[in-house]
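Down below is the structure, laid out as structure tokens.
Chain letters run A, B, ... following the sequence lines, proteins first, then strands; residues in each count from 1.
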Amino acid sequence: MNTTYDPKSIERKWQQRWQETGVYEVDLEHAKDPYYNLMMFPYPSAEGLHVGNVYAFTGADIHGRYQAMRGKNVFEPMGFDAFGIHSENFAIKRGIHPKTLIAGNVAHFREQLTRLGGRFAWSHAVETTDPDYYRWTQWIFLQFFRAGLAQRRKAPVNWCPSCKTVLANEQVISGHCERCDTEVTQRELEQWFFDITRYADRLLDNLDDLDWSEVIKTAQRNWIGRSDGAQLRFPLARDATKTISVFTTRPDTVYGATFLVLAPEHPLVAELTTAERKAEVDAYVRAAAERSQEDRMGGQDKTGVFTGGYAVNPFTGKEVPVYIADYVLYGYGTGAIMAVPGHDARDFDFATKYGLPILRVVAGPGDDRTTLTAAYTEPGVAMASGPFDGLPTPEAKEAAIRLAEERQIGERHRTYHLRNWLISRQRYWGPPIPVVYCEKCGIVGVPEEDLPVLLPDVQDFVPKGTGESPLAAIPSFVETTCPNCHGPARRETDVSDNFLDSAWYFLRYPSSGDARKAFDPDLTRKWLPVDSYIGGKEHAVLHLLYTRFVCMALHDLGYLDFEEPFKRFRAHGMIVRNGAKMSKSRGNVVNPDEFFERYGADTLRAYLMFTGPYEEGGDFSDQGIEGIYRFLNRVYHLVRKNLGLSGAEASPDLLRLRHQTIRRVTEDIEALKYNTALAAMMEYLNGLQRENAVPRDDLKALTLLLAPFAPHLTEELWQALDQPYSVHQTPWPTFDADVLVAKTVTVVVQVDGKLRDRLQLPAGLDEAAVREAALGSDAVQRFLPEGAALRFVHVPDRLLSIVTR
RNA sequence: GCGGGCGUGGCGGAAUGGUAGACGCGUGGGACUUAGGAUCCCAUGGGGACACCCGUGAGAGUUCGAAUCUCUCCGCCCGCACCA
């Protein structure tokens, strides 16, 4: 053993040895106790591995290493999510083809991930940009297409007037184009959708049984946003055969509906508009179409115009005016609302601004029937509502729905905030959507045996500004023959959303390289669903929801036995630096290479884990890392100095410390409290350093406990301790509950809740004995009033509380 | 606005009804040393008339006992955001 701790050479040495011996590869077919340890594969940016990646992967890797030492056959794969707009935009900026760029980035990432010391099964790595991968992404699309889950229809999409191109939702940053900062507008275009809303109820209801971080489940529930209510039909005053359907969660307030509001895009707008209102309505509709999303959504100020048309409230029989306003969204519900200004804040604002009547139809607490000065949105008791009068809100809702259904003027209805998944992108850098358009046969899926539809290797991948993918400009790609009739046909030129690539990558890992199937049924049955998935909160809704949907659909199509892909998901926190979020613009981004170089990967790993509870995140301080570096140095020298000292015996205290530490570290790792696990090891080390000669069992225990955190150092120590390779395949140490019991304990004595003395007493004393000891203490006696009647509360081996009042 | 999380020394953080501040950083002192920004040891919440008092964002409550539970308020962070 070297006299100084030299992380660089130790880490290089073991990384090489691990690779040569393949300790992190698993025999997927024959593994006895499979454990699939997943983390979110990175997007390989040109900047290299971000410290946020290092944080995420280290925490997940520690979990995997711990499970492996617990005897599990841990499969911990890694891959690269390299399609998508980030790569494409960067490539455009640099004028380098994304393919070239990505290859370099991937190589750099692989090298950094290796330096990090993850226990990755590299033989199963996947890259989403590899035709052997995206062939199967296209295959999934085809399955969905055949099942009717993938459909092409018109939809409003984000449009950047300056770049003259369609933008993905992810490219719109608070209403502005990511690249040129121009305000984004809406355009109606033909797009491909996955009908995720059909799965809304299952996606929502399954959450109850998933072992996932509560934050993520809550975010998904809100995103799906199920709301129950009714659809009610308001006939037009001029022509009762036509009706305006509205969705409401408060059918009980229908007697207070004093006007209707339609979204400007609503198809009945033209019909309702009278000749004298036409100019104004047209102008408003046009303006709304051109307004940016931010303008439309962000502003609190409500605008709208009267159409001149009237509809009939089917409950009261009264005519109500119909307005259009852009605070009503065309994409939600029916695109029309019944406005109840008395009991909805937005309708109240609108009614106040345009002088519309505000009625009170729900009495407030204490039978409050006074005139409203603000919308009363709480539940109450129905009033001025004909048959519903006197009913509390929940019952009134039910009564209203029943009555609507009886009279056939409406019915119970459920709506979701969740929208269908728009998956087509008018871009170059993604898997081409595998369909062709034939004049005779219509939209035809590419036959599976013809997959992949290769992304053509072109020089010019810059969007043309026509609203079409750059692929549309390549005749050799576009022009093809119909697989059905062999007549001339045109290929789809859109590519699929990057989120589709990442919605199934974990299904591919075990079956990577399989040329015949996307995922092998036997391997899939053996390894999935995933045992542990750890990742960031930022993917709470998009990735994690799309992934669940894809699995559910594949399950229904008969390809999977399970519908939920991840048994357990844990969201880790964010790592900040000196209290501030890391960002390029602040110039405070931690570059892991610098720290690998200066301290080694083990120090960086352990330090990141030490900064705070893993699920809450931590604060990276440039000075703080020294503490962990010192700790690893001390461990190194402790082992080195004690190697030659044989036969040291552990004192009872030391033995207890050892077992206590094993317990604390074990429990903390399981709870992802890596910071306190390290603190426990530091205390252990402090205890060991007080010994003249440290028993070999303690050196071994400390090395094993530290192994998941500092895999290289501990491998070196394990070898020095003359133990068989590899420390990472050695069983996790166990503790003996009997040894944990201390012989003497500190019992705290309180008088009237204040701490007055601490007594060193033999463990297991009964209350009477503890009382006697406590009353014998001067420090306690001083606070006991003469002749007071005393009451005692005794917590064995911990505390005696004396009450004098 | 809605939803979620958080507020503890100079700093990161421990303690989820029972010894507040574990562990680490920083700081002060000491040892070793030609020297050290290396290493080791000691101290380190505030006050003090030093056998004591105060102290976990503020205020109230429950309890023998509250950082922890309850209510009200203040502040910060993260989602979603005119979703009817």
[X] side-chain proximity, nearest of [options]:
X	options	value
A:R758	B:A14, B:U19, B:G18	B:U19
A:N675	B:C80, B:C25, B:G13	B:G13
A:Q750	B:G12, B:C53, B:G18	B:G18
A:R634	B:C80, B:G24, B:G26	B:G24
A:I337	B:A84, B:G3, B:A22	B:A84
A:T248	B:C64, B:G3, B:A84	B:A84
A:T676	B:C78, B:A15, B:C64	B:A15
A:T746	B:G24, B:G3, B:U19	B:U19
A:M682	B:G18, B:C53, B:C23	B:C23
A:T249	B:G12, B:A84, B:C52	B:A84

Please evaluate residues A:F620 and A:F610 with respect to the criterion ring pair (Phe, Tyr, Trp, His ring centres under 6.0 Å), reporting the C-alpha separation (whole Å), side-chain torsions for both, the decisive distance (0.1 Å), and the verdict.
CA-CA 9 Å; A:F620 190 104; A:F610 189 63; over 10 Å; no
N/O donor-acceptor pair under 3.5 Å between A:D766 side chain and A:A769 backbone:
yes
Is the base of B:C40 syn or anti, if syn means a glycosidic angle within 90° of 0?
anti
Since syn is defined as within 90° of 0, does B:G65 count as syn or as anti?
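Anti, since the glycosidic angle lies more than 90° from 0.
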Residue-phosphate contact under 4.0 Å: [X] side-chain N/O, [N] OP1/OP2:
X	N	result
A:R630	B:C25	yes
A:R782	B:C52	yes
A:K754	B:C54	yes
A:Y332	B:A84	yes

Watson-Crick or G-U wobble partner for B:G18, using a 3.5 Å limit on both distances?
B:C64
Applying a 3.5 Å limit to both distances, which nucleotide forms a Watson-Crick or G-U wobble pair with B:G37?
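B:G37 is unpaired by these criteria.
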Please give the distance between the [atom1] atoms of [N] and [M] as a whole number of Å.
N	M	atom1	answer
B:C53	B:G48	C1'	8 Å
B:A58	B:C76	C1'	15 Å
B:G10	B:U27	C1'	9 Å
B:C74	B:A84	P	27 Å
B:U16	B:G29	C1'	38 Å

Does A:F709 have A:R605 sitting over its ring (NZ/CZ under 6.0 Å from centre, angle to axis within 45°)?
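No cation-pi geometry.
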Would A:K302 count as a cation-pi partner of A:Y327, with NZ or CZ less than 6.0 Å from the six-membered ring centre and within 45° of the ring normal?
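Yes, a cation-pi geometry.
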Would you mind classifying the nucleic acid contact of [X] as base, sugar-phosphate or nothing, using non-hydrogen atoms under 4.0 angstrom?
X	answer
A:K537	nothing
A:R419	base
A:D778	nothing
A:S801	base
A:S227	sugar-phosphate
A:V215	sugar-phosphate

Working to the nearest 0.5 Å, report the span between [atom1] of [X] and [atom2] of [Y].
X	Y	atom1	atom2	answer
A:M609	A:L678	CE	CG	9.0 Å
A:I216	A:W212	CD1	CH2	7.5 Å
A:R414	A:R226	CZ	CZ	4.0 Å

Less than 3.5 Å between a donor and an acceptor, one on the side chain of A:E538 and one on the base of B:G79, is that the case here?
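Check fails, no donor-acceptor contact within cut-off.
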Per the atom types in the model, does the base of B:C82 pair as donor or acceptor with the side chain of A:K302 at under 3.5 Å?
yes
Distance, rounded to the nearest Å, where A:D622 contributes CG and B:C11 contributes P:
18 Å
